[in-house]
Amino acid sequence: MPLKYVREKLLKNAQEEIKKDRFCHKVFVSRADAPMRRIGNEEEIFELFKAKGFERYVTGKMSIPEQIALFANADIIVGEHGAGLTNIMFCKPDVLIIELFQALIDISFWFPAQVLNLKY
């Protein structure tokens, strides 16, 4: 399957970043730098997750190897529907994915989550 092939190739190339294990295992993916579909009350929502031990990351400001490492080391990922969640392809099996939606519900990330044995 192409998804698994790309996943394995990129994970292999990012091993040095992954070994650093410098990211929190509870990840809140921010869209603060996105031109569209930002969460209007992201600060309020993030405070709820921060109280549970989550750290916020703006993936658009991270290198590709850093993004891969962030998702590869995560246990729980929370994020609004958008490009940043594409990185779920680097998660280990059984990672919990919580996707936040606004007016439109789109199941684009449901399929790869099922293929990779993630808890979506």
Side-chain angles (χ1 to χ4, degrees):
M1 171 162 267
L3 178 64
K4 288 184 178 180
Y5 174 79
V6 171
R7 176 187 190 282
E8 294 308 315
K9 282 289 196 185
L10 293 174
L11 275 171
K12 184 177 180 182
N13 290 333
Q15 281 304 308
E16 289 307 311
E17 279 297 321
I18 292 169
K19 288 178 187 173
K20 293 178 184 174
D21 194 25
R22 64 179 187 200
F23 300 112
C24 182
H25 295 278
K26 293 181 176 183
V27 174
F28 183 93
V29 179
S30 174
R31 289 187 51 85
D33 66 334
M36 300 169 44
R37 293 190 332 267
R38 284 188 287 220
I39 300 173
N41 62 339
E42 181 176 315
E43 285 302 319
E44 294 170 49
I45 292 172
F46 175 65
E47 286 302 316
L48 298 171
F49 286 98
K50 184 178 178 180
K52 301 290 184 189
F54 282 78
E55 286 189 28
R56 180 172 23 193
Y57 298 92
V58 180
T59 55
K61 295 184 179 187
M62 299 170 71
S63 70
I64 299 298
E66 287 174 326
Q67 291 178 49
I68 292 170
L70 174 66
F71 281 73
N73 289 320
D75 294 325
I76 303 173
I77 306 229
V78 175
E80 183 180 10
H81 179 82
L85 288 183
T86 302
N87 291 311
I88 67 170
M89 70 187 302
F90 304 113
C91 292
K92 57 190 175 282
D94 294 323
V95 169
L96 177 62
I97 308 295
I98 300 172
E99 186 174 6
L100 305 175
F101 295 97
Q102 291 185 35
L104 175 66
I105 295 177
D106 182 334
I107 61 166
S108 300
F109 295 109
W110 176 85
F111 179 73
Q114 299 310 301
V115 169
L116 298 169
N117 296 315
L118 305 176
K119 295 176 181 175
Y120 178 89

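Reckoned from all heavy atoms, side chains included, excluding hydrogens, waters and symmetry mates. Quick caveat: nothing in here was measured; it's all calculated off a predicted structure.
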*Given Phe28 and Glu42, is the side-chain contact (heavy atoms from CB on, under 4.5 Å) satisfied, shown in steps?*
CA-CA 10 Å; Phe28 183 93; Glu42 181 176 315; 4.0 Å; yes

*Yes or no on ring-ring contact (aromatic ring centres under 6.0 Å, His included) for Phe90 and Phe71, after CA distance, side-chain angles and deciding distance?*
CA-CA 6 Å; Phe90 304 113; Phe71 281 73; 7.7 Å; no

*Give the intermediate values and the outcome of ring-ring contact (aromatic ring centres under 6.0 Å, His included) for residues Tyr57 and Phe23.*
CA-CA 9 Å; Tyr57 298 92; Phe23 300 112; 5.7 Å; yes

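Of all heavy-atom pairs between Ala74 and Val27, the closest is CB-CG2, 3.9 Å. The two atoms that bring Gly53 and Cys24 nearest to each other are O-SG, 3.4 Å, heavy atoms only. The minimum heavy-atom distance between Ile68 and Ala14, with the atom names listed, is CG2-CB, 3.7 Å. The shortest heavy-atom contact between Arg7 and Leu116 is CD-CD2, 3.7 Å. Nearest heavy atom pair, residue Cys91 against residue Leu118, reads CB-CD2, 3.7 Å.
Using a 4.5 Å heavy-atom cutoff, the side chains of Ile76 and Val95 are not in contact. Put simply, the side chain of Val6 reaches to within 4.5 Å of the side chain of Met89, judged on heavy atoms. Asp75 is listed as a side-chain neighbour of Lys92, based on a closest heavy-atom distance under 4.5 Å. Using a 4.5 Å heavy-atom threshold, the side chains of Val78 and Val29 count as separate.
Placement of Val58 and Phe54 in two distinct hydrophobic clusters is found when ILVMFWY residues are connected by side-chain heavy-atom separations under 4.5 Å, directly or transitively. Hydrophobic clustering (side-chain heavy atoms under 4.5 Å, transitive across Ile, Leu, Val, Met, Phe, Trp, Tyr) keeps Leu48 apart from Leu96. Linking ILVMFWY residues whenever their side-chain heavy atoms come closer than 4.5 Å, directly or via other members, places Leu85 and Ile64 in the same cluster.
The CG atom of Leu10 sits 9.5 Å away from the OH atom of Tyr5 when rounded to the nearest 0.5 Å. For the atom pair CD1 (Ile77) and CG (Asn87), the distance works out to 8.0 Å, reported to the nearest 0.5 Å. Interatomic distance, Glu17 CD to Met62 CE, rounded to the nearest 0.5 Å: 8.5 Å. Atom CD of Gln67 and atom OG1 of Thr86 lie 9.5 Å apart (nearest 0.5 Å).
Judged by distance alone, with hydrogens and angles left aside, the side-chain atoms of Lys119 form no donor-acceptor pair with the main-chain N or O of Ile97 at under 3.5 Å. No donor-acceptor distance shorter than 3.5 angstrom exists from the side chain of Glu99 to the backbone of Glu80, with no hydrogens or angles considered.
For the 3.5 Å distance criterion, the side chains of Gln114 and Tyr120 fail to qualify, holding no donor opposite an acceptor.
Ionic pairing of Lys50 and Glu55 is not present here: no N-O contact between side-chain nitrogen and carboxylate oxygen is shorter than 4.0 angstrom. At a threshold of 4.0 Å, the pair Glu43-Arg56 counts as salt-bridged, since one of the basic side-chain nitrogens sits closer than that to a carboxylate oxygen.
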